[in-house]
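Notes follow once the structure below has been shown.
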4 protein chains.
Amino acid sequence: MRGSSRLFYLRVSSQMSTARTGVLPTRRRGRDRVAAILDAAAAVFAERGFDAATMTEIASAACTAIGSLYRFFPNKDLLADAVFSRYADSMLDTLDVLVLQAPLLGPEALAEALVASGLQQRPYRDAAVALADERNEGPLLRKALRASIRDKVGLILAAATGLPATQAARMAPMVLQAMKAAPVLLREGLDPEAVVAEARRMIACYVAGSMQPACTAAGR
Amino acid sequence: MRGSSRLFYLRVSSQMSTARTGVLPTRRRGRDRVAAILDAAAAVFAERGFDAATMTEIASAACTAIGSLYRFFPNKDLLADAVFSRYADSMLDTLDVLVLQAPLLGPEALAEALVASGLQQRPYRDAAVALADERNEGPLLRKALRASIRDKVGLILAAATGLPATQAARMAPMVLQAMKAAPVLLREGLDPEAVVAEARRMIACYVAGSMQPACTAAGR
Amino acid sequence: MRGSSRLFYLRVSSQMSTARTGVLPTRRRGRDRVAAILDAAAAVFAERGFDAATMTEIASAACTAIGSLYRFFPNKDLLADAVFSRYADSMLDTLDVLVLQAPLLGPEALAEALVASGLQQRPYRDAAVALADERNEGPLLRKALRASIRDKVGLILAAATGLPATQAARMAPMVLQAMKAAPVLLREGLDPEAVVAEARRMIACYVAGSMQPACTAAGR
Amino acid sequence: MRGSSRLFYLRVSSQMSTARTGVLPTRRRGRDRVAAILDAAAAVFAERGFDAATMTEIASAACTAIGSLYRFFPNKDLLADAVFSRYADSMLDTLDVLVLQAPLLGPEALAEALVASGLQQRPYRDAAVALADERNEGPLLRKALRASIRDKVGLILAAATGLPATQAARMAPMVLQAMKAAPVLLREGLDPEAVVAEARRMIACYVAGSMQPACTAAGR
DNA sequence: AATGAATGAGCCTTCATTCAT
DNA sequence: TATGAATGAAGGCTCATTCAT
């Protein structure tokens with residue numbers, strides 16, 4: 001439920017004066033429809049990217065009339081926000097937990113947890129990857145969520161390594177990129193085991209290295 | 001000259017029978033024109049991404065008529081291939097050198113060289129990043145080039161670490177992702193020094209960690 | 001009651017065989033509902049014009065479900081007819097009275113009465129103005145009503161001026177246009193007093209001038 | 001030529017930052033095309049009004065592809081502005097002349113000239129009438145032109161009657177409405193001679209009446 | 001009878017690509 | 001060969017209208 005509530009709250013907040021928010025589905029049927037639309041949108045965005053995805057294709061993938069699609073998601077950007085936010089919400093939840101656990105985790109365990117958090121929600125994570133790099137401007141939810149995730153990863157790194165927040169914040173973007181690498185490479189059809197293992201290892205080495213003055217020094 | 005010859009060779013090879021190849025400019029003027037178009041295309045692709053870039057904007061940025069643009073690059077995909085390939089070619093050249101130097105390089109030096117190779121050619125590297133993630137299907141040059149680069153990075157890793165080729169090939173995609181991270185984060189406006197330093201450090205740690213049985217074992 | 005009965009009578013008569021007529025509300029509640037819808041429709045038509053007005057906005061302005069709106073007014077044109085006809089009906093009533101009074105009225109008094117009759121029914125008169133110019137074809141009530149009004153104004157002019165009916169009928173359309181000018185200019189935000197005064201004066205002068213052979217002659 | 005130059009000048013001035021201005025046709029062919037489009041647009045706007053007119057219908061009436069239409073007129077509003085402005089420009093030119101002649105003209109001659117100025121440019125005047133009442137907001141050329149015309153009519157009335165400018169400005173809107181009445185009624189199929197004659201007479205009487213203190217007093 | 005979700009034709013607009021000049 | 005006008009398919013989105021609940 002949480003994702004859902006956050007979704008609609010943020011959607012409102014990300015709109016300017018003219019905001020039409022789309023309708024919260026009240027009936028059972030509407031709830032299902034929204035779910036179907038989100039799934040379809042995730043699939044299509046993942047497959048084609050934001051620009052090349054068409055609302056028509058999404059609608060037909062969701063077995064819905066185009067008008068119904070627009071009833072719930074008043075435009076393409078907001079639909080993408082909803083898809084992205086569904087993924088980001090669950091990731092943020094996971095990261096919230098990791099913030100607490102981080103002090104107890106070694107580099108390997110931490111890396112495993114981080115990579116795992118980026119692999120959740122199968123159809124949605126691929127869409128999120130595709131949506132993450134959009135060059136769109138405007139007050140899009142996606143940017144805000146990306147920033148939250150980055151911040152949270154910074155927190156986790158600080159807690160896990162004992163490094164000062166500034167240093168952790170410097171590392172967070174790279175760690176995030178490494179976390180994103182796994183879904184990206186998986187999508188390309190590489191051997192899943194190898195991909196996951198190497199992603200973990202890269203992060204683990206990076207984190208471990210950051211805790212040893214030697215390596216840190218060497219890096220500079 | 002190399003980039004250019006490779007460009008047209010591969011372009012042909014990557015097209016089926018129906019391919020129209022675009023015209024090799026023979027005169028001096030044509031050569032300049034092509035260069036101007038490529039520069040303009042790189043700038044526009046970098047700025048907007050593949051889909052949002054328009055042929056018209058590219059033409060006018062190159063101070064060329066749209067018709068001339070199409071004379072040299074028969075369609076948008078091929079133009080993108082040419083832009084991408086100009087970047088990839090120079091990267092491949094750089095990597096060729098690295099293959100030879102690799103055995104002599106420690107992890108830090110190697111990481112520095114790899115990150116540097118991904119930061120060359122300012123306007124083109126951003127275009128390359130933007131074009132790399134396009135989900136286009138079809139027989140595009142970009143995919144082939146990506147694969148060559150990946151292979152070459154594998155070679156370098158093997159040479160530098162002494163690891164078996166299989167293991168190096170497993171690592172190459174992750175290293176490549178880390179190399180790409182630098183331009184990506186730079187484009188987002190993060191502090192350049194920090195970004196470059198961390199990218200190097202991540203790769204260095206990863207490579208170094210792969211040479212110590214301990215870390216390797218731990219990662220698995 | 002009169003407007004209502006005329007409304008539904010004419011609506012039927014203005015539709016061909018396929019006409020679905022909408023339901024006469026029998027219960028008290030239905031009567032209120034229809035009134036609320038008409039008010040809302042008048043407001044929205046006045047504000048936006050026929051084309052830009054949406055059935056959805058009208059329904060929600062009337063605090064009614066869209067389905068209920070369609071229950072009473074089977075389509076947008078018929079709804080507009082109903083709105084227009086409510087205004088036209090009251091205007092026809094007023095004009096009926098004027099027909100009797102006309103012989104006793106001087107040009108100024110007549111002009112004042114005519115302008116006043118066009119300013120009745122605040123929300124509806126603006127809607128009527130907006131609806132009057134719609135270029136819709138088809139068997140719409142609006143045209144018929146416009147014609148009745150025109151005829152009646154002709155009667156009034158004949159009675160007031162003593163001119164032959166033919167001449168009065170020639171003048172009626174212009175008088176009507178002058179009457180409509182007041183609401184139009186009011187809507188544009190001009191000074192109400194000035195607008196009303198000038199509208200009266202124009203009509204008064206026109207009528208007065210028509211009674212003086214001199215002016216009539218001069219006009220031709 | 002004047003209308004044309006004014007057209008493109010004003011079009012630019014009426015656009016905000018994002019203005020794409022459409023292309024000034026350079027070649028002969030383009031000039032003809034633009035003329036054909038304007039004619040077609042005038043006809044369609046006159047026939048259906050702004051909202052109900054579709055760009056597709058206009059294009060096909062002009063025997064042009066929709067894309068060509070947009071090449072010259074980047075959107076519907078600007079196209080309507082161009083149509084309106086073609087009419088308004090010639091009207092303004094005529095009124096400019098009238099400003100000078102006005103002091104010498106009696107009410108009848110003045111009325112005749114005013115009505116005539118509103119009947120020029122057959123296909124365009126009907127479009128102008130249809131376009132004049134649009135409720136659109138935004139920085140449209142049409143509003144500015146309407147205001148200029150109103151001002152100029154005020155000038156003419158002042159010059160013709162010797163009344164103070166304030167009083168003339170009060171009268172101008174009504175005179176304009178009366179001028180517009182002629183095209184409106186003509187479009188409805190009324191007898192042209194009668195319509196024109198009565199329109200002249202109404203204006204003449206109004207103007208004449210305004211010069212006799214008696215009638216002015218009476219009107220108030 | 002009332003409700004509001006569902007439908008889909010159709011609108012404005014963009015842009016890759018072609019082709020006459 | 002260079003130019004830029006012409007073309008039209010396709011995309012995002014709206015809204016009148018229908019119909020299941």
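Each chain gets a letter, A, B and so on, in the order its sequence line appears, and its residues count up from 1.
- Between the side chain of Y124(A) and the main chain of D39(A), a donor-acceptor pair closer than 3.5 Å is present.
- The nearest heavy atom of DNA chain F to T64(B) and to I66(D) marks one nucleotide each, and the one closer to the 5' end goes with T64(B).
- One finds a side-chain N or O of R33(B) lying less than 4.0 angstrom from the OP1 or OP2 phosphate oxygen of dT3(F).
- Within the nucleic acid shown, A52(D) has no heavy atom closer than 4.0 Å to any nucleic acid atom.
- Residue D51(B) contributes atom CG, which lies 12 Å from atom P of dG11(F) at whole-angstrom precision.
- Following rounding to the nearest Å, L79(A) (CG) and dG11(F) (C1') show an atom-to-atom distance of 15 Å.
- When both distances must be under 3.5 Å, the Watson-Crick or G-U wobble mate of dA16(E) is dT7(F).
- Between the side chain of D51(A) and the backbone N or O of D51(B), no donor-acceptor pair lies under 3.5 Å.
- Using a 4.0 Å heavy-atom cutoff across all strands shown, A53(B) reaches sugar-phosphate atoms only and no base atom.
- Looking only at side-chain heavy atoms (C-beta outward), M55(C) and Y70(C) come within less than 4.5 Å of each other.
- Two residues, M55(D) and A65(A), neighbour DNA chain E, and the one matched to the more 5' nucleotide by heavy-atom proximity is A65(A).
- Residue T54(A) is classed as a sugar-phosphate contact, given heavy-atom separations below 4.0 Å to backbone atoms only.
- The pairing partner recorded for dA1(E) is none, the criterion being a Watson-Crick or G-U wobble arrangement whose two distances lie under 3.5 angstrom.
- Rounded to a whole Å, the CZ atom of F73(D) is 12 Å from the P atom of dA6(F).
- When each of F50(C) and D77(A) is assigned the nucleotide of DNA chain F with its nearest heavy atom, D77(A) is the one assigned upstream, toward the 5' end.
- Whole-Å rounding puts the R71(B) CZ to dC19(E) P distance at 14 Å.
- Atom C1' of nucleotide dG11(F) and atom CG of N75(A) are separated by 14 Å, given to the nearest angstrom.
- Each of S68(A) and C63(C) was matched to the nucleotide of DNA chain E holding its nearest heavy atom; the match closer to the 5' end belongs to C63(C).
- Counting only heavy atoms from C-beta on, K76(B) has its side chain closest to dT17(E) among dT17(E), dA6(E), dG12(F).
- Taking the centre and axis of the six-membered ring of F50(B), the NZ or CZ atom of R142(B) falls inside the cone set by 45° and 6.0 Å.
- At whole-Å resolution of the value, CD in E57(B) and C1' in dA16(E) are 15 Å apart.
- Atom pair I58(B):CD1 and dT17(E):C1' shows a separation of 14 Å (rounding to whole Å applied).
- Atom pair L69(A):CG and dG11(F):P shows a separation of 14 Å (rounding to whole Å applied).
- Among the nucleotides dA2(F), dT17(E), dA6(F), the one closest to any side-chain atom of Y70(B) is dT17(E).
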Evaluate the side-chain contact (heavy atoms from CB on, under 4.5 Å) criterion for residues L79(A) and F72(A): first the C-alpha distance (whole Å), next the side-chain angles of each, then the deciding distance (0.1 Å), finally the verdict. CA-CA 9 Å; L79(A) 176 56; F72(A) 296 111; over 6 Å; no

